[in-house]
K.L.:
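Sharing a structure here in structure tokens format.
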Amino acid sequence: MLFKIIIFAKKKMKTNFLIGIAAAAAAAYYFLTGKKTAIENLIIKPIDIAINTQKTNIMQLVFNLKLKITNDSNFSVKVNGIDVDIIVNRNIIGDVQKNLPFVIPPKKTEIVTIELSVKNLSIVQTVINIITNNEKLTAGVQGFVNTDLGIVNFSYSANI
């Protein structure tokens with residue numbers, strides 16, 4: 001009788017162990033697909049760019065770029081860094097990489113301010129090209145946000 005109880009208990013333990021592994025796998029799948037959806041639906045939008053007059057000097061212009069990052073998903077997204085290029089008429093005139101680990105909770109929006117500096121020589125060359133080629137001025141930013149599960153690209157430009 002004792003032998004039958006031991007065999008029954010071992011079978012029950014194997015069954016519970018397999019159910020536990022299946023549940024853990026299902027939970028991991030749900031978490032990872034949810035995180036993937038969160039990354040795919042992350043909304044990144046430049047909302048303001050202004051000259052930082054306190055840091056601008058003869059050698060460089062310094063801008064403060066505000067990015068609005070919205071997480072519409074049900075999962076948190078960890079932002080590890082942001083890489084931004086300043087573009088004028090298809091020419092990169094400045095760039096910045098900012099490492100700033102922070103987490104955007106589910107259904108929340110964060111405003112991030114990034115300081116961008118542009119060497120005045122790049123601006124002078126761009127203005128000369130615009131004048132000599134009689135071009136319109138197109139300015140913008142492009143870059144990517146590095147998250148815990150991948151990279152999200154963004155781009156914004158405007159004709160001035």
Side-chain angles (χ1 to χ4, degrees), residues 19-131 133 135-160:
I19 290 172
I21 287 178
Y29 176 77
Y30 172 75
F31 178 75
L32 291 176
T33 57
K35 291 290 269 186
K36 181 178 182 276
T37 302
I39 300 303
E40 290 170 351
N41 294 329
L42 202 62
I43 301 166
I44 304 160
K45 203 168 164 182
I47 57 172
D48 185 40
I49 188 164
I51 294 175
N52 183 334
T53 56
Q54 295 176 345
K55 293 190 177 180
T56 294
N57 57 42
I58 292 174
M59 299 303 289
Q60 68 181 0
L61 269 173
V62 179
F63 296 94
N64 288 333
L65 170 67
K66 287 186 182 176
L67 291 176
K68 178 179 171 182
I69 305 174
T70 303
N71 177 8
D72 279 340
S73 76
N74 295 323
F75 290 88
S76 296
V77 174
K78 181 180 179 189
V79 175
N80 297 318
I82 300 174
D83 189 336
V84 181
D85 293 332
I86 302 171
I87 300 171
V88 175
N89 287 10
R90 299 173 307 279
N91 296 319
I92 297 173
I93 64 168
D95 65 345
V96 67
Q97 293 84 31
K98 185 167 185 171
N99 294 321
L100 47 118
F102 66 94
V103 175
I104 304 174
K107 307 291 184 191
K108 296 289 182 187
T109 297
E110 295 287 333
I111 305 291
V112 179
T113 302
I114 301 172
E115 192 175 276
L116 306 163
S117 63
V118 179
K119 303 293 183 205
N120 283 342
L121 183 58
S122 296
I123 295 171
V124 170
Q125 288 174 336
T126 301
V127 170
I128 289 171
N129 287 340
I130 290 169
I131 293 170
N133 297 329
E135 295 179 345
K136 293 183 179 182
L137 180 62
T138 302
V141 293
Q142 74 177 18
F144 62 86
V145 174
N146 184 1
T147 68
D148 54 345
L149 284 180
I151 292 175
V152 181
N153 295 309
F154 67 92
S155 179
Y156 176 80
S157 66
N159 293 321
I160 300 172

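Since we're looking at a predicted model, the values are computed, not measured. Side-chain atoms are counted along with the backbone in the values below, which use heavy atoms only and exclude waters and symmetry mates. The first residue of the sequence shown is numbered 1, and numbering continues consecutively from there.
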K.L.:
State whether the number of non-hydrogen atoms from other residues, nucleotides or ligands found under 6.0 Å of Phe154 atom CZ is greater than 12.
P.N.:
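Yes, the 6.0 Å shell around CZ holds more than 12 heavy atoms from other groups.
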K.L.:
Could you pull out all residues at least two apart from Leu65 that satisfy side chain to side chain contact (heavy atoms under 4.5 Å, CB included)?
P.N.:
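With sequence neighbours excluded, Leu65 shows a side chain to side chain contact (heavy atoms under 4.5 Å, CB included) to Pro46, Ile49, Leu67, Val84, Leu116, Val141, given in chain and number order.
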K.L.:
Hey, could you give me the OH/CD1 distance between Tyr156 and Ile44, rounded to the nearest 0.5 Å?
P.N.:
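Taking OH in Tyr156 and CD1 in Ile44, the distance rounds to 15.5 Å.
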K.L.:
Donor-acceptor pair, distance only, cut-off 3.5 Å: does the side chain of Asn71 make one with the backbone of Ile104?
P.N.:
yes
K.L.:
Please list all pairs meeting salt bridge (Lys or Arg N to Asp or Glu O under 4.0 Å) that have one or both residues in residues 50-62, counting only residues at least two apart or in different chains.
P.N.:
Lys55-Glu115
K.L.:
Show the numbers, then the answer: is there a side-chain contact (heavy atoms from CB on, under 4.5 Å) between Asp83 and Asn146?
P.N.:
CA-CA 8 Å; Asp83 189 336; Asn146 184 1; over 6 Å; no
K.L.:
Hey, could you give me the CG/CD1 distance between Leu42 and Ile151, rounded to the nearest 0.5 Å?
P.N.:
13.0 Å
K.L.:
Quick one: which residue pairs count as a salt bridge (Lys or Arg N to Asp or Glu O under 4.0 Å) with a foot in residues 97-108, not counting sequence neighbours?
P.N.:
none
K.L.:
So, do Val152 and Ile69 sit near enough that their side-chain heavy atoms are less than 4.5 Å apart?
P.N.:
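A side-chain contact is absent here, since even the closest heavy-atom pair is not under 4.5 Å.
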K.L.:
Can you tell me how far the CG atom of Asp48 sits from the CZ atom of Phe63, to the nearest 0.5 Å?
P.N.:
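Going from CG on Asp48 over to CZ on Phe63, the span is 11.5 Å.
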K.L.:
Lys68 and Thr109: which non-hydrogen atoms are nearest, and at how many Å?
P.N.:
CG-CG2, 3.5 Å
K.L.:
If you compare all heavy atoms of Ser76 against all heavy atoms of Pro106, which two are closest, and at what distance to 0.1 Å?
P.N.:
OG-CD, 3.4 Å
